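One structure is given here, and the rest of the page talks about it.
Because the structure is a prediction, the values reported are computed rather than measured.
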Amino acid sequence: WCTTDACLEHERIALLHLKPFFNYGNPLKSWVDLKGSDCCKWERVKCNSITRRVIQLSLNSTKWEYNMDYWYLNASMFLPFEKLKSLYLSENAIGGNLENEGFQWLSRLTKLETLNLSGNSWKNSILFDMRNLSSLKTLRLSSNQLEGRLLHIQGLSNLINLKKLDLSENQIESLQSSKDGGRKSELTHLKELNLNSNLFNNSVFASLNKLLNLKTLTISNQLKGPIDAKGWCDLRNLEVLDVSGNALEGMLPHCFSNLTALRVLDISRNHFQIPLSFAPFANLSNIKALLSNENKMVTEPSFYTSIPKFQLEVISLSKCITSQQLSRKLPTFLYYQYDLRYVDLSHNNFSGTVPTWLLENNTKLEDLILKGNSFTGPLSFSSALISNVSSIDISENKIQGQIPTSICSTFPHLSRLFLSKNAFEGNIPLCLSGMKDLSILDLSNNQLYGKVPEELITKGSLTILRLSNNNFSGNHVHLHGNRLRGPLSLAFYNSSSLVTLDLREKNLTGSMPKWIDTLSSLSVLLLKDNHFHGKNLEEVIEFTTKSGLYSYEGNILAYMTGIDLSCNNLTGHIPPELGNLSEIYSLNLSHNKLIGVIPSSFSKLHQIESLDLSYNNLSGEIPNQLVELNSLEVFSVAHNNLSGSIPEPKAQFGTFIESSYEGNPFLCGTILHKSCSKPDAPSTRSNSLDDEGEDSLLDTYDFCVSFLVSYIVVVLTIFVVLYINPYWRSVWFSFIGKCITTCRYSTMANFLTYHIFRQCD
C-alpha cells in the first residue's frame, strides 16, 4: 500500500469519494482520478513527509454560497484517514449529521487534535456527539446555532485534552445544565475560552470558577451592571482577559489585584470608573498591555502615591473623559514607565504642554498618539536620537509656533506624522523631504505659509500628503511619477490660484472628484496612466449642440464627444485639420469672427450629427462634399457672407430648412426661393454685348494707336510751323485734347459694360 513518494491508495480513493460533497465552485480541481496521481500533492491535503499518511484536510469554504440550503454530513466518510490530526470544515452550510452517521464515529480517529466546525448550522446536540473525541485539543464551534442552556456541555468534560474552545457568535445563555442541578462547567483542563457575542449575563463568571487552568478568557456580550466578583477573582492563572464591548460599570473589585498572572487586560468600551492613579492595577507586575478605552477616569485622594509594579509595553486610554469642559493632567503612573512601545492617549482633553518626555523615557516607543487633546505651547523635541519611533499623531490640539526642524534628526525612521488641526505657522521644514521612510504627512488645517518645497514631492517617499486649509502660495503642483495611490482626496479643494496640476503615472483610483470645478484658475490638468474607473463625472454636463443646450450625465457621457467653441472671439480661417476628428458628434463654432471658406475636409466627419458655423464672416461656396455626411441632423451656416448655390437637397441636406442658410444674400437655391439659373434675355444680351464690346474695344484701340503713330510722324514736320504761328498751335492742341477725351470715355464705357455682365453670369 505504502510507497515513499505517494499517498496510500485507499486514502486517495476516500478523498475522491469526498470530492462531490466539497467541490462547489471547483476548489478541488487537483483531485483527479488518474493512476499515479499523488494525493499528498493535491490542494487542501497535507501528508506526513515520511509515512505519506493524510494528517490534515482543509475543506473549509468548499461548499458555500449565499442563501444556500443546508445539507447533512456523513461523518463516517473520514474514517479511512486514521492518522488525521486536523480537520477544517468551517463555512460549508452544514446543517448537521445524517442519522447514525454523526461525529461519534470520529472517536476512532485517535490522532485527531483540531476540529473546526465554525460557520455552519450545528445544533446543541453536536456537543453530545463530541463526548468520546478524547484526543481533541482544539474545538471551534463559533457562528452556529447553539442556543439557550447547553444541556450537553458536560459531555465535553470527557475531553481531558481539550485546551481551546470557541463558542462565540451563538445564542448561548448559560453554561450550566438545568438537568443536573445547575452543575457548573468542569472543563478543568481548558486554557482558552472564547464566549464572545452570546446572550450571557453577569452570572457567567460564577459558572467559570472551576476553570482553574484557564489562561485566556474573551467575553463580549453586552453584559450590564456591576461586575460579579464570584468566579472572576478565582481565575488566578488568567494571562489574557478581554471583557471589552460590554456595559459593565462601577469600580473594579478589590480582588482584581489577585490576578497577578495577567499579561493582557482589555476592559475597553464599558462604564468602569478608573482612578487616575490606576491603583487597581498597581500589583499586576506581569501586565504588559492595558487597554481601557471609552471608560471614565475619576479623581482620587491626593495622598495616594503608590508606584506601580508593572512596566507596560502597550497602553491605550482613548476617549476616557466624557466632559469636554474638564481638563485633566496625564495619569501619574505614566511617569514611571520606561518600556512602552505603543501609547494612545487620544481624545481625553488632557492639558499642558506636549508630553515629549514619553519619547525620551521610552526609547523603544514606536507609536505615540496624542490626538484630540488640549495640549498647548510650541512643540519641542530632544536632540537625542530616538530611532524606533515610526508614528506620531498630535493632531487636533492647540499647539502654536513653527514645526521644529529637529523632528527630522530625532526620529530618522519616522513613517507617519500627523500635525493637522493645530496652529502651526511658518514654512514646511525642508528636511522632511530627506526622510526616506516618511510615507504619510498631514499638515492640513494650520497656519503654514510660503511655498511647498518641491523636494518634498520629487525626492521624498510620501504616499499620502495633506496640506489643505493653510496659507501656502504658488501656482505649479507637480506630483508626476510619485508613489501616491488611492482615490483623490480633498487636498486641492477650492485652490483657486492653482494653474497646473500634474498627477500622471500614479495608482490613483476611484472616480473623478467633484471638486475639480472649484479650481477656477486651472489651465493644465494631467491625469495620464492612473486607474480611474466608474463614472468619471457624476455631475450634470451642459453642452450646446443641435441648436440647443442639452444636459448629459451618467453613462451617456462615454458616448458623447464634441467640440463647443461658440460665443468666443476666434479669428482667422477654420483649420482644415478639424476634418480629421472623424469620431466627434458635434462641432459648434458659431458666434465668432472666423473668415475664409468652409473646409471641404469637413466631409470626413462621418459621425457628425450637429455642425453649427453660423454668425461668422465666412465666404465662398458651401462645399458640395458635405452631402456625404449621412448622420448630420442639424446644420447651420446662417449669417455669413457665403455665395453660390446651396448643396444639392439630397440625403440629409434634403431635410434642412431656410433658417439654416438665412443671412447670406448671395446664396441661392430652391429652399431660399431664389433661382440660381440665368434669365434668357439677359443671357442673349450678355453674349451680344460680349461680342460687340470686344470688337468695339479693339477698333478703338486701333484708332488710338494709329493716331498716336501719325502724331509722332508729323509732329517733327509741323513743329516748326506751330512754333512760328501761334494761331495754328492753338487749333492743333485743341484738336488733340478732344481726341484723347473721346478715346478714354469710349474705352471705359465698353470695359464697365463687359465687367458687370460677366459678374452676373
Side-chain angles (χ1 to χ4, degrees), residues 195-197 200-202 204-205 216-229 232-233 235 238 240-259 262-284 287-302 304 306 308-310 312-337 340 342-351 355 358 367-375 393 396:
L195 300 177
N196 277 350
S197 302
F200 296 115
N201 57 33
N202 288 11
V204 67
F205 294 109
T216 300
L217 174 61
T218 305
I219 178 167
S220 177
N221 284 265
Q222 290 298 313
L223 303 179
K224 299 179 180 180
I227 196 166
D228 186 356
W232 174 294
C233 296
L235 305 177
L238 270 182
V240 178
L241 176 59
D242 183 355
V243 292
S244 62
N246 289 289
L248 297 171
E249 60 187 33
M251 302 291 289
L252 293 172
H254 293 292
C255 64
F256 190 79
S257 59
N258 296 335
L259 304 181
L262 272 180
R263 294 183 298 105
V264 178
L265 175 62
D266 189 352
I267 57 175
S268 300
R269 303 190 306 282
N270 281 284
H271 304 300
F272 288 124
Q273 295 182 17
I274 309 298
L276 276 171
S277 65
F278 276 65
F281 314 109
N283 291 328
L284 304 181
I287 195 166
K288 295 298 179 183
L290 176 57
L291 298 91
S292 182
N293 303 320
E294 300 182 43
N295 283 293
K296 185 177 182 180
M297 286 188 182
V298 294
T299 57
E300 57 196 329
S302 58
Y304 186 89
S306 176
K309 295 181 179 179
F310 55 78
L312 296 174
E313 295 181 4
V314 174
I315 179 69
S316 185
L317 304 178
S318 177
K319 300 180 181 178
C320 284
I321 293 180
T322 57
S323 175
Q324 291 299 314
Q325 303 300 321
L326 183 63
S327 294
R328 298 288 183 98
K329 300 294 183 181
L330 289 174
T332 55
F333 81 91
L334 289 172
Y335 290 95
Y336 303 99
Q337 301 301 304
L340 289 170
Y342 177 92
V343 175
D344 184 357
L345 305 176
S346 61
H347 301 289
N348 283 308
N349 205 29
F350 289 135
S351 59
L358 280 169
D367 297 273
L368 176 62
I369 305 173
L370 303 175
K371 177 181 181 180
N373 285 288
S374 297
F375 294 121
D393 187 349
E396 298 182 31

Exercise. With distance as the sole test, does D367 use its side chain to make a donor-acceptor pair with the main-chain N or O of Y342 at under 3.5 Å?
Worked result: no
For this session: Just jot down the side chain to side chain contact (heavy atoms under 4.5 Å, CB included) partners of K309, sequence neighbours excluded, or say none.
Result: N283, S285
Problem set entry | Side chains of P331 and F350 in contact at under 4.5 Å (non-hydrogen atoms) | yes
Exercise. How would you list, by chain and number, every residue that makes a salt bridge (charged side-chain N to carboxylate O under 4.0 Å, His left out) with R269, sequence neighbours excluded?
Worked result: none
Exercise. Does any N or O in the side chain of N295 come within less than 3.5 Å of the main-chain N or O of I274, such that one atom is a donor and the other an acceptor?
Worked result: no
Problem set entry | Gap separating the CG atom of L223 from the CG atom of N201, nearest 0.5 angstrom | 7.5 Å
Exercise. How many angstroms lie between CG in L265 and CD1 in I287, if you round to the nearest 0.5 Å?
Worked result: 5.0 Å
Exercise. Is L291 close to S244 at the side-chain level, that is, under 4.5 Å between some pair of heavy atoms?
Worked result: no
For this session: Determine whether V243 and F205 make a side-chain contact, defined as any pair of heavy atoms from C-beta on separated by less than 4.5 Å.
Result: yes
Exercise. Is there side-chain contact between L345 and L334, with at least one heavy-atom pair below 4.5 Å?
Worked result: yes
Seminar exercise, completed: By salt bridge (charged side-chain N to carboxylate O under 4.0 Å, His left out), K288 pairs with (sequence neighbours left out) none
Exercise. Heavy atoms, side chains only, cut-off 4.5 Å: are F310 and R263 in contact?
Worked result: no
Exercise. Between N196 and S220, is any side-chain donor less than 3.5 angstrom from a side-chain acceptor?
Worked result: no
Problem set entry | Interatomic distance, I315 atom CD1 to L290 atom CG [nearest 0.5 angstrom] | 4.0 Å
For this session: With sequence neighbours excluded, tell me which residues meet salt bridge (charged side-chain N to carboxylate O under 4.0 Å, His left out) with E313.
Result: R341
Counting only pairs under 3.5 Å, give me each side-chain donor-acceptor contact of residues 249-258, with atom names and distances, residues two or more places apart or in other chains.
unit_1 : atom_1 : unit_2 : atom_2 : d
S257   : OG     : H254   : O      : 3.1
N258   : ND2    : C255   : O      : 3.4

Seminar exercise, completed: Looking only at heavy atoms, the pair that brings Y336 and P308 closest together is CD1-CD, 4.1 Å
Problem set entry | Any donor-acceptor N/O pair, N373 side chain to N349 backbone, under 3.5 Å | yes
Problem set entry | Heavy-atom pair with the smallest gap, counting every atom of N293 and S316 | OD1-OG, 2.7 Å
For this session: Return the set of residues passing side chain to side chain donor-acceptor pair (under 3.5 Å) with N246 (not counting sequence neighbours), or none when no residue passes.
Result: none
For this session: Could you check E396 against F375 for side chain to side chain contact (heavy atoms under 4.5 Å, CB included), going step by step and ending with a plain yes or no?
Result: CA-CA 9 Å; E396 298 182 31; F375 294 121; over 6 Å; no
Problem set entry | Close side-chain approach of M297 and L317, heavy atoms under 4.5 Å | yes
For this session: For S346, enumerate each residue passing the side chain to side chain donor-acceptor pair (under 3.5 Å) test, keeping only those at least two apart in sequence or located in another chain.
Result: S318, D344
Exercise. What residues, two or more places apart in sequence or in another chain, satisfy side chain to side chain donor-acceptor pair (under 3.5 Å) together with D266?
Worked result: S268
Problem set entry | Under the salt bridge (charged side-chain N to carboxylate O under 4.0 Å, His left out) test, residues paired with D242 that sit two or more places apart | none
Seminar exercise, completed: Rounding to 0.5 Å, atoms CD (E294) and NE2 (H271) come to a distance of 10.0 Å
